[in-house]
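Just so it is clear, the values below take in all heavy atoms, side chains as well, and ignore hydrogens, waters and symmetry mates. A, B, ... follow the sequence lines: proteins, then strands. Residue 1 opens every chain.
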Amino acid sequence: MSAVTESAASLRHLVLIDGSGFIFRAFHGLPPMTRSDGTPVNAVYGFTTMLLKLLNDSAADHIAVIFDSSRKTFRTDLYPEYKAHRPPPPEELVPQFPLVREAVRAFDVACIEMEGFEADDLIAAYARAATLQGATVTIVSSDKDLMQLVGDRVAMFDPMKNRTIGPDEVFEKFGVGPERVVDVQALCGDAADNVPGVPGIGIKTAAQLIGEYGDLETLLARAGEIKQPKRRQTLIDNAAMARLSRDLVKLRDDMDLPEPVSALAVRALVPERLAAFLAEQGFRSLINRLDLKAPPRPPVASVPVSASAAEAAPAPAGFSRDQYELVLDLDTLDRWIAAAIEAGIIGFDTETDSLDSMRARLVGVSLAVAPGRACYIPVIHNPPAAQGSLDFGDASAESAGPKPIPADQILARLAPLLADPSVLKVGHNIKYDMQVLASLGVPVTPIDDTMLLSYVLDGASHGHGLDELAQLHLGHTNISFSEVCGTGKSQITFDRVPLEKARDYAAEDADVTLRLHQLLKPRLLAEKMVEVYETLERPLIPVIVAMERAGLKVDRAFLQALSEDFGRRLADLEAEVIALNGGEAFNLASPQQLGKVLFETLNLPGGKKTKTGQWATGADILEELAPLHPLPARLLDWRQLAKLKSTYTDALVAQINPATGRVHTSFSLAATTTGRLSSSDPNLQNIPIRTEEGRKIRRAFIAEPGFCLISADYSQIELRLVAHVAGIEGLRTAFAEGRDIHAITASQVFGVPLEAVDSSLRRRAKAINFGIIYGISPFGLAAQLGIPQGEAKAYIEAYFGRYPEIRAFMEQTKEEARTHGFVRTPFGRKVFTPGIKDKNGAARAFAERAAINGPIQGGAADIIKRAMVRLPAALVEAGMTARLLLQVHDELVLEAPEAEAEATIAVVRRVMEGAACLSVPLLVEAAAAPSWDEAH
DNA sequence: AGCCTCACG
DNA sequence: GACGTACGTGAGGCTT
């Protein structure tokens with residue numbers, strides 16, 4: 001009996017895994033990890049968990065992982081530019097390529113590659129061979145280039161999105177069926193692979209053309225019939241390009257297979273072999289998870305196979321939904337609450353009908369009391385909105401079926417649990433859940449937050465969304481929100497999701513949160529981040545919740561009047577600008593059109609192009625042009641007012657919450673690389689102040705009658721941190737003596753007596769001081785001061801000469817970044833520095849400047865966070881009723897009864913100045929007034 | 001979706 | 001010898 005016949009008898013379902021695609025995704029999706037010997041292994045780890053999950057989930061009888069062999073293939077012979085602009089793989093990835101192949105062999109899975117062909121070609125060839133033998137094939141990849149292979153017996157599966165890709169999904173992506181994908185790609189090209197395509201034709205146009213003419217050859221033959229003249233000509237001119245592109249994109253399936261299909265048969269796992277490999281890589285958690293000392297795992301199950309096998313397969317071990325329960329009666333609720341108290345720690349999540357926590361209504365609550373044991377407690381449940389039918393208010397017929405427990409009864413039972421000091425509530429971005437519950441009068445304490453844990457541990461090396469972390473740390477794909485609620489116009493609110501579906505989604509979130517907590521919390525200690533998390537981040541959450549809920553009062557009528565005033569002046573300025581352009585109208589808001597007007601119509605000199613080849617028209621350029629022509633100055637005025645009107649006066653009025661009459665920003669605690677907060681919807685950290693027109697907007701931020709706003713800001717906090725961190729004696733003394741720091745700097749650096757420092761010298765010294773904070777460069781300083789680079793360089797040398805400690809600090813900081821991949825602030829926060837070893841000099845220099853800025857900006861962020869954490873209790877203790885409203889990096893804004901203004905200021909100053917004990921004093925300037933503008 | 005510009009610290 | 005750069009954010013408008 002020949003090998004081929006033998007395999008034909010048992011070959012029913014072949015799984016082909018795009019190994020090369022996975023390596024890159026794993027590498028870029030995971031934070032850096034190294035083995036004890038220093039070898040980077042993050043891609044190996046990611047690949048291993050993905051392979052593990054696939055082996056568990058799939059019902060294949062044959063399986064292979066396919067790799068690219070080398071960069072040179074028949075395609076590069078055809079077209080040397082193919083993938084030519086791809087940078088070489090990152091340094092940290094290179095040693096991982098062989099390790100990933102080792103991983104495949106450790107699982108005893110076939111590992112296929114072939115000189116001269118890409119993995120995609122081999123996948124095509126094996127898919128063809130298997131389907132000829134009557135088998136079905138699942139291609140595990142998310143590479144759109146493979147979509148041309150989809151058919152009756154061939155499906156794709158995207159493991160990241162947990163989504164099967166069949167003909168419908170291909171049509172969705174390309175606008176044509178799988179058999180015409182190649183023709184569409186030939187027309188639209190592919191920027192990522194440097195496939196040229198036909199200029200000016202994108203995926204939409206390509207699909208439309210192929211749909212109309214049937215295929216590429218017919219289209220090219222009949223190109224003369226196309227109505228649009230421009231399109232007709234480009235197609236005629238680029239027919240050869242299109243054919244070349246097609247040959248590049250079309251997968252070859254006609255080579256001799258390096259291994260027969262029969263060699264891909266699934267083999268029983270050899271536990272010792274796998275354990276040895278995992279141990280070598282230091283993947284202890286995987287060894288434990290697989291329980292590798294126990295009897296060997298049976299080979300992959302051989303259940304009947306369909307294209308959707310991956311979807312139908314049971315969830316991976318430990319992620320069963322069997323113990324997710326819907327809570328619809330009080331007895332069940334009480335059982336879960338008892339289990340929560342017993343456990344002492346729960347995963348916790350709320351579902352609502354809005355992303356805006358100030359408008360959201362509580363739709364349901366989910367709790368997880370142990371991994372895999374979770375429940376969903378619906379609070380509001382409405383029938384799905386029937387499409388196209390009118391609502392006759394006859395809800396009874398539709399909503400027949402299980403009803404939630406009345407909301408007040410749920411809250412009465414849950415509130416004691418949520419406030420129970422012996423039960424830790426673990427949420428993911430629990431700030432949001434606390435907001436929603438606070439609106440219902442339900443406090444939540446004590447708490448932990450997996451989003452913040454992830455943020456302090458891994459910084460900006462990856463996102464901190466729940467779905468992303470589940471994938472990363474648990475190898476689990478969460479049910480996506482869009483799967484449950486849809487997207488775009490047809491998106492429904494969570495209260496309309498059928499209960500069983502809602503249970504699976506919501507319970508999973510609580511479950512995953514609890515599991516992530518088990519993984520992340522212990523890392524705090526191991527990675528020396530306990531202090532940062534426990535004293536800076538976690539206690540800040542309730543403070544931020546209160547600030548966001550308080551909001552700020554804005555003077556609506558004043559803003560509207562301002563908006564109208566701006567509007568009139570904008571119209572006048574526009575008319576002036578158009579007149580100055582010889583009466584030729586153009587869109588003043590379009591940099592592209594403006595560039596043409598300035599440098600082509602008016603022919604003004606000094607035009608520069610941005611990196612995309614457009615004319616640069618930034619404020620600095622327009623200022624240079626101002627002496628030459630009246631138009632640029634008018635346009636600057638127009639831009640200023642246009643910005644103020646659209647971003648501030650109009651937007652702020654629209655953001656006033658109807659229920660409170662105030663604007664409520666959202667602070668993000670896990671957004672920045674340095675540890676700062678960020679503010680959005682609306683952003684209240686960038687309200688204008690630098691110009692007179694802009695300050696008018698600040699005047700609209702006011703206190704309630706009988707109250708005042710207090711603004712308290714740290715004076716020169718970042719420069720003080722430089723003096724402290726770098727130990728600069730000259731600056732330390734100046735700060736200790738309470739001197740004008742920029743004047744002192746000018747005097748010391750330029751070698752003139754203090755009395756002789758004029759405003760120009762002081763301005764230059766100030767720019768250098770700022771430059772130091774940003775990781776100074778002659779270019780940057782020169783641009784800032786409008787002086788030649790040589791002069792800027794001399795200033796920097798003089799500065800380093802006078803303050804020699806700064807040079808050592810900069811070198812040490814860069815070295816720290818190179819050895820660890822991060823720098824630490826004086827309070828222990830890690831600021832990650834990706835790119836610090838980049839071999840591109842510019843990229844590296846960028847990372848170096850960011851590294852120098854890290855401890856300074858991050859340290860200042862730590863200090864104000866410490867102040868914010870301590871302030872509420874200090875105010876209460878002093879008998880003050882003031883509320884914190886805003887944080888703007890070095891400034892806090894409070895609202896206080898007028899009568900308490902002075903006493904409140906005293907408390908605020910004491911807390912802020914005492915928030916850290918550095919080798920330089922901290923100084924806070926504070927004032928009270930009816931509006932933010934006057935208080936500042 | 002990416003770019004440009006600009007508001008803040 | 002040329003290149004491309006001050007650090008960190010979020011929002012609005014234009015263009016593709």
Side-chain angles (χ1 to χ4, degrees), chain A residues 191 200-205 460 586-595 608-622 635-636 638-648 650-652 654-655 665-668 671-691 693-695 697-698 713-714 716-718 722 767-785 789 792 796 831 833 840-858 860-861 864 886-891 936:
Chain A
I201 295 197
I203 201 160
K204 285 271 160 58
T205 315
F586 71 101
N587 184 352
L588 277 63
S590 162
Q592 192 205 46
Q593 295 177 33
L594 174 64
K608 283 185 219 151
K609 298 277 181 91
T610 66
K611 54 176 169 264
T612 51
Q614 288 209 58
W615 290 112
T617 69
D620 48 343
I621 305 267
L622 296 187
L635 203 111
L636 279 170
W638 184 90
R639 274 215 183 135
Q640 191 198 6
L641 292 184
K643 174 83 177 180
L644 294 178
K645 183 172 188 294
S646 66
T647 309
Y648 299 105
D650 293 349
L652 277 173
Q655 289 274 3
T665 185
S666 173
F667 286 105
S668 176
T672 68
T673 53
T674 56
R676 275 188 176 180
L677 301 181
S678 83
S679 156
S680 62
D681 308 300
N683 182 354
L684 295 185
Q685 290 183 322
N686 71 347
I687 301 301
I689 189 167
R690 292 175 187 171
T691 67
E693 292 299 334
R695 290 187 83 116
I697 287 159
R698 235 167 233 246
D713 69 286
Y714 282 110
Q716 307 291 355
I717 188 167
E718 294 196 343
V722 172
I768 309 176
N769 278 332
F770 269 101
I772 296 295
I773 293 167
Y774 298 151
I776 201 155
S777 75
F779 177 93
L781 184 62
Q784 180 64 37
L785 286 174
Q789 243 186 90
I796 295 170
V831 176
T833 57
N840 175 328
R844 200 172 55 244
F846 184 77
E848 286 173 355
R849 291 194 298 270
I852 290 164
N853 179 253
I856 302 166
Q857 190 183 118
I864 198 166
L886 273 188
Q887 187 250 48
V888 193
H889 310 309
D890 65 355
E891 174 190 7
H936 199 284

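Atom NZ of residue Lys645(A) and atom CH2 of residue Trp638(A) lie 10.5 Å apart, to the nearest 0.5 angstrom. Here the CG-CG distance, from Asn683(A) to Leu652(A), works out to 10.0 Å after rounding to the nearest 0.5 Å. Here CG of Leu636(A) is found 11.0 Å from CD1 of Ile621(A). Values are rounded to the nearest 0.5 Å. Considering CD of Gln716(A) and CD1 of Ile773(A), their distance stands at 7.5 Å, rounded to 0.5 Å. Expressed to the nearest 0.5 Å, how far OH of Tyr774(A) lies from CD1 of Ile856(A) amounts to 10.5 Å.
Within the nucleic acid shown, Arg639(A) comes within 4.0 Å of sugar-phosphate atoms alone, with no base atom in reach, counting heavy atoms only. When heavy atoms are screened at a 4.0 angstrom cut-off, Ala767(A) is found touching base atoms of the nucleic acid. As judged by a 4.0 angstrom heavy-atom cut-off over every strand, Ala861(A) is placed among residues making no nucleic acid contact.
Near DNA chain C, meaning a heavy atom under 4.0 Å away, the residues from residues 775-784 of chain A are Ile776(A), Ser777(A), Phe779(A), Gly780(A), Leu781(A), Gln784(A).
Rounded to a whole angstrom, the distance from the P atom of dT5(C) to that of dC3(B) is 13 Å. When the C1' atom is used for both dG4(C) and dC8(B), the distance is 25 Å, rounded to whole Å. Comparing dA2(C) with dT5(B), their C1' atoms are spaced 28 Å from each other, to the whole Å. Across the P atoms, dC3(C) and dA7(B) are found 30 Å apart, a figure rounded to whole Å.
What separates CZ of Phe770(A) from C1' of dA6(C) is a distance of 12 Å, to the nearest Å. Lys608(A) places its NZ atom 13 Å from the C1' atom of dG4(C), with the value rounded to the nearest Å. Taking atom CD of residue Glu848(A) and atom P of nucleotide dG4(C), one finds them 18 Å apart after rounding to whole Å. Between the P atom of dG8(C) and the CD atom of Glu891(A) lies a distance of 22 Å, rounded to the nearest Å. At whole-Å resolution of the value, CG in Asn840(A) and C1' in dC3(C) are 9 Å apart. dT9(C) atom P lies 18 Å from atom CG of Leu684(A), rounded to whole Å.
Remark: Lys608(A) is not positioned above the aromatic ring of Trp615(A), lacking an NZ or CZ atom under 6.0 angstrom from the ring centre and at most 45 degrees off the axis.
The strand DNA chain C forms stems, runs of 3 or more Watson-Crick or G-U wobble pairs with distances below 3.5 Å, at B:1-9 with C:7-15.
Contact footprint of chain A on DNA chain B: nucleotides with an atom under 4.0 Å from a non-hydrogen protein atom, first to last in 5' to 3' order, dC3(B) to dG9(B).
Side chain of Thr672(A) to main chain of Gly675(A): a donor-acceptor pair is present (N/O by atom type, distance under 3.5 Å, no hydrogens or angles). Formation of a donor-acceptor pair under 3.5 Å by the Gln789(A) side chain with backbone atoms of Ala782(A) is not found in this model. Side chain of Thr205(A) to backbone of Ile201(A): no donor-acceptor contact under 3.5 angstrom is found.
Note on Arg849(A): a side-chain N or O is less than 4.0 Å away from OP1 or OP2 of dC7(C).
Every salt bridge (Lys or Arg N to Asp or Glu O under 4.0 Å) that Arg695(A) has, sequence neighbours left out, goes to Asp933(A). Residues that satisfy the side-chain hydrogen bond (donor to acceptor under 3.5 Å, both in side chains) test with Thr665(A), not counting sequence neighbours, are Ser679(A).
Judged by closest nucleotide on DNA chain C, Ala842(A) is the one of Ala842(A) and Asn853(A) placed further toward the 5' end.
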Step by step, work out the side-chain contact (heavy atoms from CB on, under 4.5 Å) result for Leu594(A) and Arg639(A). CA-CA 12 Å; Leu594(A) 174 64; Arg639(A) 274 215 183 135; 3.4 Å; yes

Show your reasoning for whether side-chain contact (heavy atoms from CB on, under 4.5 Å) applies to Ile852(A) and Val722(A). CA-CA 10 Å; Ile852(A) 290 164; Val722(A) 172; over 6 Å; no

Using the side-chain contact (heavy atoms from CB on, under 4.5 Å) rule, take Phe667(A) and Leu684(A) through it: C-alpha gap first, then chi angles, then the decisive distance, then the call. CA-CA 9 Å; Phe667(A) 286 105; Leu684(A) 295 185; over 6 Å; no

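The nearest pair of heavy atoms linking Leu635(A) to Leu588(A) is CD1-CG, 3.9 Å.
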Nucleotides 10-16 of chain C: protein proximity per nucleotide (B base, S sugar-phosphate only, - neither; heavy atom, under 4.0 Å): BBSSSSS

